[in-house]
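Everything below concerns the one structure shown next.
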Amino acid sequence: MPTKVMKIQADVQQMIQDRTKKIQDIKHSAELRKQNMEKEKADSVELFAALMRSIERCRAELLEKMEEKQKATEKQEEELIEELQQEITELKRRDTELEQLSHTEDHLHFIRSYPSMCKPFNTKQWPDISVNTPVSLNTIRAALTQLQQTLDDKLSQTELKRMCLYAVDVTLDPDTAHPNLILSDDGKQVSCGDIKRDVPDNPERFDHCVSVLGKEGFSSGRFYFEVQVKNKTKWNLGVAGESVMRKGDITLSPEDGYWTIWLRDEDVYRALGNLMLVLSLRVEPQKVGVFVDYEEGLVSFYDVESRSHIYSFTGQTFNRKLYPYFNPLLNNNGKNSAPLIISPVNYNE
């Protein structure tokens, strides 16, 4: 009987320890969450301060430009008035001479003076007077457009800085790789070769599209990784759901479990949703960052070097694991032979 009591007591004590540890874990998690929230608050205050400085600088530059145009307009008006006054003086002189000539009784003087007095007066064709402001709406629109670009850039920089905190170590999964794909020994690079490898045709493997997934899938939280796309003329990149089609032709769309962007013809970028949206990028990305917030239903793409936002899929619903997705596409007789390279995230960029 005492043995049974001791066993029950041991079980109770273990349950106490388990619950005590759980409390400690909860407190530790709460403390970390509090610290993260304070950091996000500080970052948000810093971001809005930077945005306010940008807005103030834009306002000052616009007012300075308006002042410069106003001064230029006023100078032009002063010069115009001065010329008009000179013409008025000359016209008054002519009027006086004509008045005198009209009353002269010296016919010889009249005959000699008449031709010069009656010749056309050399006057300018003066412009119509306008009361429009010297700054057009286009100037204001251009300033606001530049401000919008500045705000977007600063927001993207802040986003990238935060996303680095969710960087994950992505390695390519050889069991999913199309037979033509060449993977580096460390699983960080992939390119397309001309010869099919003799590999098992397992269910996970892509057999038509030259694609490969990352080894680790994610079913919660946030994750971020970066991929070098330098010297490539075409590629596909993003994330794919666990249950996506891997055999035969594949449609890269959210409805089919793919959230991707692509490059074609060296400079044509598209986001592959219901409609293939053409992306207008200021520069060609050399390294692309991919960020996923599982609970928020967000997949975002960034140009790492220019620290600018490329595109985001928002309002998505994820119900299975998501895997990093890579497609270097055919090497095109060596023109597209450069590999896609999973790069370590530089937290100081």
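Numbers here are sequence positions counted from 1.
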- Query: Are any side-chain N or O atoms of N331 and backbone N or O atoms of C192, one a donor and one an acceptor, separated by less than 3.5 Å?
  - Reply: yes

- Spacing of CG belonging to D293 relative to OH belonging to Y166, to within rounding of 0.5 Å: 8.0 Å

- Task: Write down the atom of K321, the atom of S219, and the distance for their closest heavy-atom approach.
- Result: CG-CB, 3.9 Å

- Item | Donor-acceptor pair, side chain of K232 and main chain of P328, under 3.5 angstrom | yes

- Would you call E90 and R93 a salt bridge, taking side-chain N to carboxylate O under 4.0 Å as the test? yes

- Note on the structure: When every non-hydrogen atom of V304 is compared with those of G289, the smallest separation belongs to CG2-N, 3.5 Å

- Query: Do E284 and L263 touch side chain to side chain, with heavy atoms closer than 4.5 Å?
  - Reply: no

- Query: Is E83 close to E87 at the side-chain level, that is, under 4.5 Å between some pair of heavy atoms?
  - Reply: no

- Query: Checking side chain to side chain contact (heavy atoms under 4.5 Å, CB included) for the pair E226/N346: CA distance, chi angles, key distance, verdict?
  - Reply: CA-CA 10 Å; E226 295 178 353; N346 186 346; 5.8 Å; no

- Side chain K188, main chain V170, donor-acceptor under 3.5 Å: yes

- Task: Look at the aromatic rings of Y302 and H309 and report parallel, tilted or perpendicular, splitting at 30° and 60°.
- Result: perpendicular

- Sidechain N-carboxylate O distance under 4.0 Å for K21, D25: yes

- Message: Please report the interatomic distance NE2(H28) to CD(E31), rounded to the nearest 0.5 Å.
- Response: 9.0 Å

- Item | Donor-acceptor contact below 3.5 Å, side chain N202 vs main chain D175 | yes

- Message: What I want to find out is whether D169 reaches K215 closely enough, with some N-O distance under 4.0 Å, to be called a salt bridge.
- Response: no

- Message: Would you compute the distance between atom CD of E74 and atom CD1 of I81 and round it to the nearest 0.5 angstrom?
- Response: 10.5 Å

- Note on the structure: One should read off an interatomic distance between E204 CD and E242 CD, to the nearest 0.5 angstrom, of 10.0 Å

- Task: Report yes if some heavy atom in the side chain of D207 is under 4.5 Å from a heavy atom in the side chain of R205; otherwise report no.
- Result: no

- Query: Do I310 and I261 have side chains that get closer than 4.5 Å, going by heavy atoms?
  - Reply: yes

- Query: Would you say the side-chain atoms of N180 pair up with the backbone N or O of G193, donor to acceptor, closer than 3.5 Å?
  - Reply: yes

- Hydrophobic cluster identity match, M245 and L252, side-chain contacts under 4.5 Å: no

- Task: For the residue pair L63 and M66, establish whether any side-chain heavy-atom pair is separated by less than 4.5 Å.
- Result: yes

- Task: Flag yes if F291 and L322 sit in one hydrophobic cluster, no otherwise; membership is Ile, Leu, Val, Met, Phe, Trp, Tyr, and two members link when side-chain heavy atoms are under 4.5 Å apart.
- Result: no

- Query: Side-chain contact, heavy-atom cut-off 4.5 Å: V283 with D303?
  - Reply: yes

- Query: How about M163 and V345: do any of their side-chain heavy atoms sit closer than 4.5 Å?
  - Reply: no

- Message: Tell me whether D265 contacts the main-chain N or O of D267 through its side chain, where contact means a donor paired with an acceptor under 3.5 Å.
- Response: no

- Message: In this structure, would L165 and Y224 fall into the same cluster of hydrophobic residues linked by side-chain contacts under 4.5 Å?
- Response: yes

- Item | Test: K75 and E78 ion pair at under 4.0 Å | no

- Message: Test of understanding: clusters of I, L, V, M, F, W, Y form through side-chain heavy atoms closer than 4.5 Å, transitively. Do Y258 and W235 belong to the same one?
- Response: no

- Query: Which value, rounded to the nearest 0.5 Å, describes the distance between I23 atom CD1 and K27 atom NZ?
  - Reply: 6.5 Å

- Message: Using the side-chain hydrogen bond (donor to acceptor under 3.5 Å, both in side chains) criterion, which residues pair with R270? Sequence neighbours excluded.
- Response: none

- First locate atom CZ of F326, then atom CG of D173, and finally report the distance between them rounded to the nearest 0.5 Å. 11.0 Å

- Message: Looking at N336 and T233, would you say the former's side chain and the latter's main chain have a donor-acceptor pair under 3.5 Å?
- Response: yes

- Of F318, Y325, Y323, Y294, the one forming a ring-ring contact (aromatic ring centres under 6.0 Å, His included) with W259 is F318

- Message: Are V227 and V168 connected into the same hydrophobic cluster when the rule is that any two of I, L, V, M, F, W, Y join if their side-chain heavy atoms are below 4.5 Å apart?
- Response: yes

- Item | Side-chain ion pair, E56 and R59, N-O less than 4.0 Å | yes

- Query: Mind checking whether V229 and L340 have side chains closer than 4.5 Å, heavy atoms only?
  - Reply: yes

- Task: Determine yes or no for a side-chain-to-main-chain donor-acceptor pair under 3.5 angstrom, with E295 supplying the side chain and G221 the backbone.
- Result: yes

- Message: Between T96 and K92 (side chain of the first, backbone of the second, donor and acceptor by atom type, cut-off under 3.5 Å), is there such a pair?
- Response: yes

- Message: Tell me which pairs pass ring-ring contact (aromatic ring centres under 6.0 Å, His included) where either residue lies in residues 181-222, with sequence neighbours left out.
- Response: F218-F223

- Message: Could you check whether any side-chain N or O of R197 sits under 3.5 Å from a backbone N or O of L181, counting only pairs where one atom can act as donor and the other as acceptor?
- Response: yes

